[in-house]
Every structure is written in C-alpha cells, then in structure tokens.
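Just below is one structure, and these are the notes that go with it.
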Amino acid sequence: MAILNDHTAAIHLKILKQCGFYQIFDSNSKKIFGWNIYRLSFISLTIITQCLIGFGNCGFFFKLEDAINYIDLFLIIFSGSFNYLILYKVIILILNRKNILDLLDVTCLKFLKSKQCYNNIEILYKHRNRTLQLTQLYFNFCILVIIQWVLCPIIINSFIVDKNDNRRLENVINRRYPITVNTYNQYYVLFYIIETIIAIKSLYLILMIDILLLSIGWAITVQYEVLAVAFKNLGHDVNFQKDHDYNVDDYKYFKSILFDQQQLDLYYKKIFQQIILSKESFTILIVNLFKIGVGIFYICLQLFLYCHLFDNINLKQREFVNLGVYSCNWTKMNLIFKKLLLLTMQMNNANQITMKATTNKIVNLQLFSNVLNMSYNIISVMVKAISK
C-alpha cells in the first residue's frame, strides 16, 4: 500500500481520519490487547445500537394502547431498511478491510508510474481540488440532514398543546417500544437520546462509506482520463526530425502506459468486489413531511452520485482511453507498434466491466431514472389506497 497523506491523495483523508473511520481499516491504529481500538469500539457500538433498534421494533408484536399512523409506519420501515443496508455494507467493508486499504492506492497522485502519465499530473491536481470541494459540500449537507432530523421532534412537540392525552411524544423515528404511553412520555428524554444516537450513527456510517467509495470511483475516472491523454500525446510531443527513432522510443513509452492501464484495470475490478446497493394538526403534518422529504432527497442524491459515477466510468472514460490510443501518431510507427496498438484496442473492447445492481440492471443514469419512475408509481398506488 502506498503511503497516503492529505497532500498526496485525491481523497478527503482529513474527514475520514477526524471522524475515526479510516482508523477502522488501518492496521497501524491504536491497539488494546492486540485489537484495533477503533474497530473494537465500532463493533461494540454497532451491537448496542442493533439491540436498541430491535427493542424499538418489538412493539409490533404486542397490542399497544395507541394506534400508529401511516407516516410513522413509513418512517419505521424506511429507517429499518436504511439501517440494515448500511449494516450489510459495513460488514462487507470490515471483512475486506485490507483490500479497501489497497484500493486507496488508486487515489494516490503518483499511482501511474509512466513518464507520459506523470507529465499530465496537473489533471490529477485539478481533480483533487474538485473532489475535496465536492466532498466537503456533501459532508456539510449530510450534517444539515442529521441536525434537521434530530430537531424536528422538538419542533413538533412544541405544537402539541395537551401532552397528557393518549399519544406518544414525537421522536426522531417514533419506534414502537413495547411500553405504555405514560411510561414512554415519562422517560421521553431517554428514548429521544437513544433514537438520536441511532440516527447519528446511521447517517455517519453512510456518509463515511459514500466519501470513501465515491472518492475511489472519482479517482479511477480521472486516472483513465490521464491515461487517455498520455496515449493521445504519444508521438505528437516530439520535434519531428528525420533522426527521431519512433520505433524504439515510442514503442517503449506505449508499453509503459499500457502497463499503467493494466494496473488501473486491476483496481477497477477490485472495487466491484467490494460494492456488490392518529390525527394530527396540519402544522405537525407539514413538519413530518418535510423531515421525510429531506431524507428522501438525500437518498436520491446518493443514488444519483453512484449512478453518475459508474455511468461516467462505463461509457465515457473507457471509450476515451480507446480514442486516446487511436489518436496517437501511429501512422509514423512500424508494424510491430501498430499490431500492439490494435491488440490494445481489442483488449479494451473485450474487457468491458460494468457495475450491475442485478444480473440485468447496469448502474447508470438510466437506472436512476427507472428507480424514480418506479418509486413514483408505488407512492401513487399507496396514496390512492390510503385515500379510499
């Protein structure tokens, strides 16, 4: 693994390290009795929160004195699905932590070793600055989502005039704890703290995973761009003199760039192995819908980022490399060079790796459009069923 720091990596390592997520995978992190203290703390907290979530959902197995409305039911189903999806991702990442650290090599500004790729390193620096800015914006947006979800219950409870009637005070998710309404309201602060911790942990994990995987994907995209430019400039960045030996120099340069591409293709394949996606007042209803709306917007944004990223890699960058190979000054080369160039293009065409959500669904912008359309149809049917 390459030695990465905030200045040599096209990834926001500062955020990952400050939040303690990078240390979970790093074998050099602090240890206690031979155990990674960050990983041990994380596993312990995960077990505790999963037990709390299980206890919070036990109310569905008992007949409680208060009824549940459709909004709260949607929140519980939404948060439960979200939680177990995150848990699955984290388990996969921890089990493959060594491979994750190896994947970070591709974010290094000096990952491509050939001289021709290094001459275009300014592309990587521009990408790094853009990635840091986008990551910071995404991080800030997620923090706002967390704050909004945590503060919404306080705002909603302020509209409840009579807090002694047969209704539970609003919480972050409103899980169905198997206790009476009076007991729940009496110890409301405790349940509010529990749900706040669960919500913060869930969004923290999905944020860290997104920053890690999206940054690696963005880095792979720009590395392919550097490769394409290096191939394209081959044979054009020399003084066209009669004594220039195209057959020796450019053949050697082409092979060195081709070796960089083979290394990048290996890392591109690795990333696929790791990623395998009651009656209330009108005011209270609006606040709840706003909270749900922000959560749905965040999920849509997350899905769009992944679909756009892999669509960009699958369609644009791979074809861009082939175009770069063809754009080199191959007409001046000998027959051996031309054969190698032809074999390279055939290899690139045959080695079409695509990220798939299922065996038939490719992760691209068309999938994003299909998901939105299907979600709209499902919601329309649910709204019609509820209104009857």
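- Shown here is F60, whose CZ atom has more than 12 heavy atoms of other residues, nucleotides or ligands within 6.0 Å.
- Both Y84 and I200 belong to a single network of hydrophobic side chains, linked directly or stepwise wherever heavy atoms of I, L, V, M, F, W or Y lie under 4.5 Å apart.
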* To do: Start with the C-alpha distance between Q263 and F259, add both sets of side-chain angles, then the distance that settles side-chain contact (heavy atoms from CB on, under 4.5 Å), and finish with yes or no.
  => CA-CA 6 Å; Q263 290 294 109; F259 176 77; 3.9 Å; yes

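- When side chains are defined from C-beta on, V150 does not count as touching I147, because their heavy atoms never get closer than 4.5 Å.
- Under the 4.5 Å side-chain criterion, counting only non-hydrogen atoms from C-beta, Y187 is not in contact with I179.
- A distance of 13.5 Å separates NZ in K14 from OG1 in T135, rounded to the nearest 0.5 Å.
- By the 4.5 Å side-chain criterion applied to Ile, Leu, Val, Met, Phe, Trp and Tyr, L343 is assigned to no cluster and stands alone.
- Distance check: D210 CG to Y138 OH gives 3.5 Å after rounding to the nearest 0.5 Å.
- A donor-acceptor distance shorter than 3.5 angstrom exists from the side chain of D260 to the backbone of K113, with no hydrogens or angles considered.
- Interatomic distance, Y204 OH to L45 CG, rounded to the nearest 0.5 Å: 9.5 Å.
- Taking 4.5 Å as the limit, every side-chain heavy atom of T180 sits out of range of all side-chain heavy atoms of Y184.
- L132 CG to R130 CZ: the interatomic distance, rounded to the nearest 0.5 Å, is 11.0 Å.
- The shortest side-chain heavy-atom distance between T183 and Y188 does not fall under the 4.5 Å cut-off.
- Remark: W149 CH2 to S202 OG distance equals 10.0 Å, nearest 0.5 Å.
- Residue Y125 is grouped with residue I216 when hydrophobic side chains (ILVMFWY) are merged at heavy-atom distances under 4.5 angstrom, including chains of intermediate members.
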* Asked: What do the steps show when you test Q133 against N129 for side-chain hydrogen bond (donor to acceptor under 3.5 Å, both in side chains), and what is the final call?
  -> CA-CA 6 Å; Q133 293 174 356; N129 295 333; over 6 Å; no

* **Residue pair M208, L16: steps toward the side-chain contact (heavy atoms from CB on, under 4.5 Å) verdict** => CA-CA 7 Å; M208 294 296 105; L16 294 175; 3.9 Å; yes

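- In terms of modelled atom types and a separation under 3.5 Å, the side chain of N157 and the main chain of P153 share a donor-acceptor contact.
- Side-chain heavy atoms closer than 4.5 Å link hydrophobic residues (I, L, V, M, F, W, Y) into clusters, and following such links, even through other members, never connects I15 to L137.
- Under the 4.5 Å side-chain heavy-atom criterion for grouping Ile, Leu, Val, Met, Phe, Trp and Tyr, L40 is connected to I47 within one hydrophobic cluster.
- In terms of heavy atoms, N174 sits closest to E195 at N-OE1, 3.3 Å.
- Of the possible polar contacts, none joining the Q223 side chain to the L264 backbone as a donor-acceptor pair under 3.5 Å is found.
- For the ring-ring contact (aromatic ring centres under 6.0 Å, His included) test, residues two or more places apart in sequence or in another chain that qualify with F55 are Y177.
- The salt bridge (charged side-chain N to carboxylate O under 4.0 Å, His left out) check on R176 picks up D66, with sequence neighbours excluded.
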* To do: Might you work through the side-chain contact (heavy atoms from CB on, under 4.5 Å) test for Q261 and L258, ending with a clear yes or no?
  => CA-CA 5 Å; Q261 182 186 349; L258 186 59; 3.9 Å; yes

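- Taking a 4.5 Å side-chain heavy-atom cut-off between Ile, Leu, Val, Met, Phe, Trp and Tyr, the cluster of I197 extends to V189, I193.
- Considering only heavy atoms from C-beta on, S79 stays 4.5 Å or farther from N83 through its side chain.
- In this view, F42 satisfies the ring-ring contact (aromatic ring centres under 6.0 Å, His included) rule with no residue, not counting sequence neighbours.
- Without hydrogens or angle criteria, N36 side chain to Q23 main chain gives a donor-acceptor distance under 3.5 Å.
- Between P178 and C58, the shortest heavy-atom distance links the atoms CG-CB, 3.9 Å.
- Using modelled atom types, no side-chain atom of Y192 and backbone atom of E170 make a donor-acceptor pair closer than 3.5 Å.
- Surrounding NZ of K126 are at most 12 heavy atoms belonging to other residues, nucleotides or ligands under 6.0 Å away.
- In this structure, V222 and L124 approach most closely via the heavy-atom pair CG1-CD2, 3.6 Å.
- Taking the six-membered ring where the residue is Trp, the centroids of Y38 and F21 are separated by 6.0 Å or more.
- Between C142 and L207, the closest heavy-atom pair is SG-CD1, 3.5 Å.
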* To do: Apply side-chain contact (heavy atoms from CB on, under 4.5 Å) to T344 and F254, showing your working.
  => CA-CA 10 Å; T344 300; F254 187 90; 3.5 Å; yes

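- Using a 4.5 Å heavy-atom threshold, the side chains of C117 and F231 count as separate.
- Sorted by first then second residue, the salt bridge (charged side-chain N to carboxylate O under 4.0 Å, His left out) pairs that include residues 40-61, not counting sequence neighbours, number zero.
- Note on L93 and L95: same hydrophobic cluster, where clusters join Ile, Leu, Val, Met, Phe, Trp and Tyr whose side-chain heavy atoms are under 4.5 Å apart, directly or indirectly.
- Within the 3.5 Å criterion, the main-chain N or O of I24 finds a donor-acceptor partner in the side chain of R39.
- For T131 against S215, the heavy-atom pair with the smallest separation is CG2-OG, 4.2 Å.
- Checked options I48, L52, T46; the residue passing with Q50 is T46 (criterion: side chain to side chain contact (heavy atoms under 4.5 Å, CB included)).
- A heavy-atom distance below 4.5 Å is not found between the side chains of V172 and F191.
- In this structure, L212 CG and K89 NZ are separated by 11.5 Å, a value rounded to the nearest 0.5 Å.
- Among all heavy-atom pairs drawn from I86 and L205, the shortest one is CG2-CB, 3.5 Å.
- Counting heavy atoms from C-beta outward, K339 and L335 have side chains that approach closer than 4.5 Å.
- Side-chain atoms of N185 come within 3.5 Å of backbone N or O of L169 as a donor-acceptor pair.
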